[in-house]
Amino acid sequence: MKYLDAFRDGAVARKLVEKLHARVADYAGQMTFMEVCGTHTMAISQHGIRSLLPEQIRLISGPGCPVCVTPVDYVDHAVALARLPEVIIATFGDMIRVPGSSSSLQREQARGAGVRIVYSPLDALALAQKHPDKKIVFLGVGFETTAPTIAGAVLTAQRQGLSNFFVLGANKTIPIPMAVLASDPELQVSGYLCPAHVSAIIGPQAYAPLVAQQKVPCVITGFEPLDMLQGIDMLATQVLEGQPRVETQYSRIVRPEGNPQARAVLEQVFIPCDTPWRGIGVIPGSGLCFREEFAAFDAARQIPVDVETPREHPGCLCGEILKGKVRPADCPLFRTICTPEDPVGACMVSSEGTCAAEYKYGI
Ligand code: SF4
């Protein structure tokens, strides 16, 4: 905690809050800032950031929880693969509890299907080495932070000549959906708290087209309370000055060039493609698909399986929550029949989900 304490200092927080209140005191309008990253969503709730803000500033949550934005038909596809006796699904923990149309990976696991929780794609590679008679399918869910590690695992599998390692791909990129939401007149996004980890890979320049086209301020912000208060203050300053730009509050981690090595690995294996987002629909160019030369690792192409027609719970508002249009409390199922122990939608499952954050910490 030694190094975190400096970013949680109450006296400094009070000064930042006073500064922010004074800065917007004469502002007659409303500033709506969207935090894009699920980790921000959780941290904002955990530290009660909303309660510290002046009434002119409203925070809304965006589509930055990777498990939440993965649509139900992907879960159904994973469930269908898990039912094949020759397949072992390897996945990060949150995914196994996400409800599909009629089942989940957790239920399939309880029925005896091969479903393993792993902590990195390399763990899935180790499974493939250990079980040469099985097909190991890693669930490729996540943004630009996770995609390079998956690409690295694919390159390693290729080098090792592993023919039983596959990825069911659903990786996505962040700046394009931000542009889509910035152009939504219902939302009126005044600025973005840009994701910290993703930005460490893609670098600040990745948001330049968004700022140029949509004239929306962007501040790459860290996860500690003082980071977020400072990031919000920087956004408010940009709004008041009327000069949208990309700024980096989280400069202790995010370099101007991002991480070119990680991007090179990612681009070696994946190309941009159209992909569906829960609640938003298909966004052109916002997904990452295998390049043709890596098609042998693509579970969707290499392991044919029938997938049921997707159905979502009609009462779940997760899609609207991911667009920042409603809060969890607007959902009649929130805290009644939808709880972290028995989630109805993905937003209640994930440790980065908006519903899970508000269930745990309140607004
Ligand atoms: Fe969906 Fe549950 Fe959130 Fe309601 S509370 S939107 S049912 S995840």
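When a ligand or atom number is given, it counts from 1 through the structure's own listing order. As a basis for the values below, the full set of heavy atoms in this structure was taken, side chains included, without hydrogen atoms, waters or symmetry mates.
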Cys318 touching ligand 1 at heavy-atom level, < 4.0 angstrom: yes

Ligand-side contact atoms (ligand 1) for residue partner Met348, heavy atom cut-off under 4.0 Å: 8 (S)

Donor on one side chain, acceptor on other, Glu358 and Ser45, under 3.5 Å: no

pair check: Cys318 + Cys347, SG-SG < 2.5 Å: yes

side-chain hydrogen bond (donor to acceptor under 3.5 Å, both in side chains) evaluation trace for Gln188 with Gln30: CA-CA 10 Å; Gln188 303 271 338; Gln30 174 90 63; over 6 Å; no

Atoms in ligand 1 flagged as close to Cys355, the criterion being non-hydrogen separation under 4.0 Å: 3 (Fe), 5 (S), 6 (S), 8 (S)

Donor-acceptor side-chain pairing of Gln214 and Ser183 below 3.5 angstrom: no

Verdict with supporting geometry, Tyr207 and Ser199, side chain to side chain contact (heavy atoms under 4.5 Å, CB included): CA-CA 9 Å; Tyr207 304 102; Ser199 302; 2.7 Å; yes

Axial cation check for Phe270 ring with Arg291, 6.0 Å and 45° limits: no

Atoms of ligand 1 close to Leu333 [distance to a heavy atom under 4.0 angstrom, numbered from 1]: 7 (S)

Ligand-residue contact atoms, ligand 1 with Ile321, heavy atoms, under 4.0 Å: 6 (S)

For Gly345, atoms of ligand 1 separated by under 4.0 Å from a heavy atom: 8 (S)

Residue portion contacting ligand 1 (non-hydrogen atoms closer than 4.0 Å) for Cys331: side chain

Metal proximity, Cys316 vs atom 2 (Fe) of ligand 1, N/O/S cut-off 2.8 Å: no

Heavy atom of the protein closest to atom 2 (Fe) of ligand 1 (residue, atom name, distance): Cys338 SG, 2.3 Å

Ser103 side chain to Glu108 side chain, donor-acceptor N/O pair below 3.5 angstrom: yes

